[in-house]
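To keep things clear, I will list the structure first and then write my remarks on it.
In what follows, chains are A, B, ... by sequence order, proteins preceding strands, each numbered from 1. Atoms considered below: every heavy atom in the structure, side chains included; atoms not considered: hydrogens, waters and symmetry mates. Since we're looking at a predicted model, the values are computed, not measured.
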There are 2 protein chains.
Amino acid sequence: MTTIKDIARLSGYSIGTVSRVINHRQDVSEEARQIIEKVIEDENFQPNSNAKMLKQTITSNIAVLVKGTQNVFLEGILERMQEYLRTFGEYVSVSFLDEFTNEVETAAQICSERNPKGIIFLGGNLHFFEEGFSRITVPSVLVTETAAGLGFDNLSSFTTDDSEAAGMAVDYLIRRGHTHIGIIGGSASGEKGEVGTRRLQGAVKRLKESGIPFDQDKQFCSCRFAMKDGYDAAVRMLKKDQEITGIFALSDTVAVGVLRALRDRDIRIPEDISLIGYDGIEHVKYTIPRLATVKQDRDALAKKAVDDLLLRINYSRSAVHGTVPFRVLAGESIADLNKH
Amino acid sequence: MTTIKDIARLSGYSIGTVSRVINHRQDVSEEARQIIEKVIEDENFQPNSNAKMLKQTITSNIAVLVKGTQNVFLEGILERMQEYLRTFGEYVSVSFLDEFTNEVETAAQICSERNPKGIIFLGGNLHFFEEGFSRITVPSVLVTETAAGLGFDNLSSFTTDDSEAAGMAVDYLIRRGHTHIGIIGGSASGEKGEVGTRRLQGAVKRLKESGIPFDQDKQFCSCRFAMKDGYDAAVRMLKKDQEITGIFALSDTVAVGVLRALRDRDIRIPEDISLIGYDGIEHVKYTIPRLATVKQDRDALAKKAVDDLLLRINYSRSAVHGTVPFRVLAGESIADLNKH
DNA sequence: AACGTTTTTGGAAACGTTTACAGTCATATT
DNA sequence: AATATGACTGTAAACGTTTCCAAAAACGTT
């Protein structure tokens, strides 16, 4: 392994000067820079990151915790983030957590074991943050939830305005004459600080505002955000309520399951029941019928979160909380009842 | 930050002894161990990983390179691997690469920058390995391709027997009376050392053996492994050849695109054209109709690769090459022409 | 009691960097 | 000519561990 010492010897300069060249400092003569850079090039020298980090007491890692496995939506954000971070020369260390694992607990553990310089939470349960985030001291960012109300100074958050967006989703149904709407997805307990709950509340709020009756016991079926669970929940919903003409699935993955469940019961979409999803994964363009959905801006989510985190890692800044735009995508899964 | 020095001071022992306790060595008295462990506990001390690694000249990272973005199949393997590795206390640093990026080149770069103790390639192009893998010296494993023929002693590989499995896929069609079969997916160039190419060859071989005519120019449409590309390729195929009764899509994602393309042209599946995919992602159970496919054993792939890599990291062993079982899944997308 | 063994311990060097500090040298200023 | 200034460079001390080596302690054997 070639070290800075070898470069010093080979170039005839001291290790101090070599170090200065490596770190692009100004106080080095042009001549020294040239010579040393040549030697570095020739020797194919790479500074040992451990030594560097030891001295600087940081690691060059950013830890990413993805809440939920097989979550196409979050994985899409992860990919975008990784790609974007790479342009800064930053790498991510990824952990996928199932939905029951406490991500804050896990993050704390990762911090002590690996000492990352920043943490990105892709999804998460606000409850866990409220309870235990004070133990985490590195700059962090939570994506897909808002931590504005928690008041941690090292935790930023970026999300779609879920409540508003969910409202737009049901609004889309309402405008097309649907007055009996079912909602599928979200945590069983209606737990506070959970994505599904916020979307549910936004939807219910809009229903109320529009004067549409909604009986949560009969018209809501909770389920995890997976195709299978969407399928099962749809089956339950059909048993509970036969009058529904429109369904809002709280995630596209759930919607795919719903689609299949309705089909298996020979319920036509959109002729018999209309369906709108949430997230805007690629897949909605290829379902039969194409799925209407609310598309979150994953690029913006990824970019904003990374920009903010990097800024806060390098300069001590306060956390910020932001939202990104969304769009309702039409699809073919919604019937306009007004046209009858 | 509490350091080993603090623990030494607080416990009344020397740094050396504390270090020995931390590393669970035998040559420490029971008494010392107890006392020191108590102090460590009380102080909530975590050894600085950078210092540790500096001394041991390794990092505790395993680098994973995922070839291809938005690849549900590989991401599923990634999740399984990460989860399994975590049980060993190992973490992964992930990079997603688009299909054009040279993963071996990238790995070499990552090695010099971050010095991982092992590398996992999820997908990859054999050509790149043949050309440049000799530069990589850490234990590595390639999943989804076989590197048996390359003869690198530090590169294991695990894969499904793609050729055989693809053969089974077309066989499934052939047995149901299909004699005019189209194949969609795989690299444009029919490039050597590419997943699609191997599957294509396996399929063509089986067609030949069964005495089914196959004109690669007319009955094969190459495309990238994405839904959109599957859609477009299906459109091309329909223009080129009107007589096809069965299609083998070289990945499930492609199949989903094909499904949608056929539907848009009012071609019924399986009545007009039958379709079988490859990979066995969750999704195939929720398409309309449910998609027949060849299911690769992702659990086995993940587990074998990790087991082997960990073994080779800790003991110097030669690389091995293995395959995992596969299964043809029936679905609803295939018509039995014999029944007419 | 004197000696060997074995077990346990402390001291100190090493790992490869960064950086504060002090030094050298040329040039400009008086 | 003496001095101040500034640009550059080298030296050495850190950073928090691990581990080699030798010292000390404990024990058993003669």
With sequence neighbours excluded, what pairs up with [X] under the ring-ring contact (aromatic ring centres under 6.0 Å, His included) test?
X	answer
B:Phe73	none
A:Phe225	none
B:Phe133	B:Phe129, B:Phe152

Task: Bending between helix ends of the helix from C:dA1-D:dT30 to C:dT30-D:dA1 [5 pairs per end, 10° resolution] - done: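 Rounded value for the end-axis angle: 60°.
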
Just jot down the side chain to side chain donor-acceptor pair (under 3.5 Å) partners of [X], sequence neighbours excluded, or say none.
X	value
B:Asp308	B:Ser156, B:Arg312
B:Glu131	none
A:Thr17	A:Ser14
B:Arg80	B:Asp299

Open item on the list: Using OP1 and OP2 only, check whether a side-chain N or O of B:Ser14 sits under 4.0 Å from C:dT9.
Closed with: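 Answer is no, no contact under 4.0 Å.
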
- [ ] Give a yes/no on whether any side-chain N or O of A:Thr3 is located under 4.0 angstrom from OP1 or OP2 of C:dG16.
- [x]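 No.
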
Polar atoms only, N or O, under 3.5 Å: list the protein pairs with nucleotides 26-28 of chain D and their distances.
none

Open item on the list: Give the residues of residues 19-32 of chain A touching DNA chain C, defined as any heavy atom closer than 4.0 Å, sorted by residue number.
Closed with: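 When residues 19-32 of chain A is checked for heavy atoms under 4.0 Å from DNA chain C, the hits, listed by number, are A:Ser19, A:Arg20, A:Asn23, A:Arg25.
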
Open item on the list: Test: salt bridge (Lys or Arg N to Asp or Glu O under 4.0 Å). Region: residues 11-27 of chain A. Which pairs qualify, not counting sequence neighbours?
Closed with: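 The answer is none; no pair qualifies.
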
TODO: Could you list all the ring pair (Phe, Tyr, Trp, His ring centres under 6.0 Å) pairs where at least one residue sits in residues 10-53 of chain B, not counting sequence neighbours?
DONE: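 Listed by first then second residue: nothing to list.
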
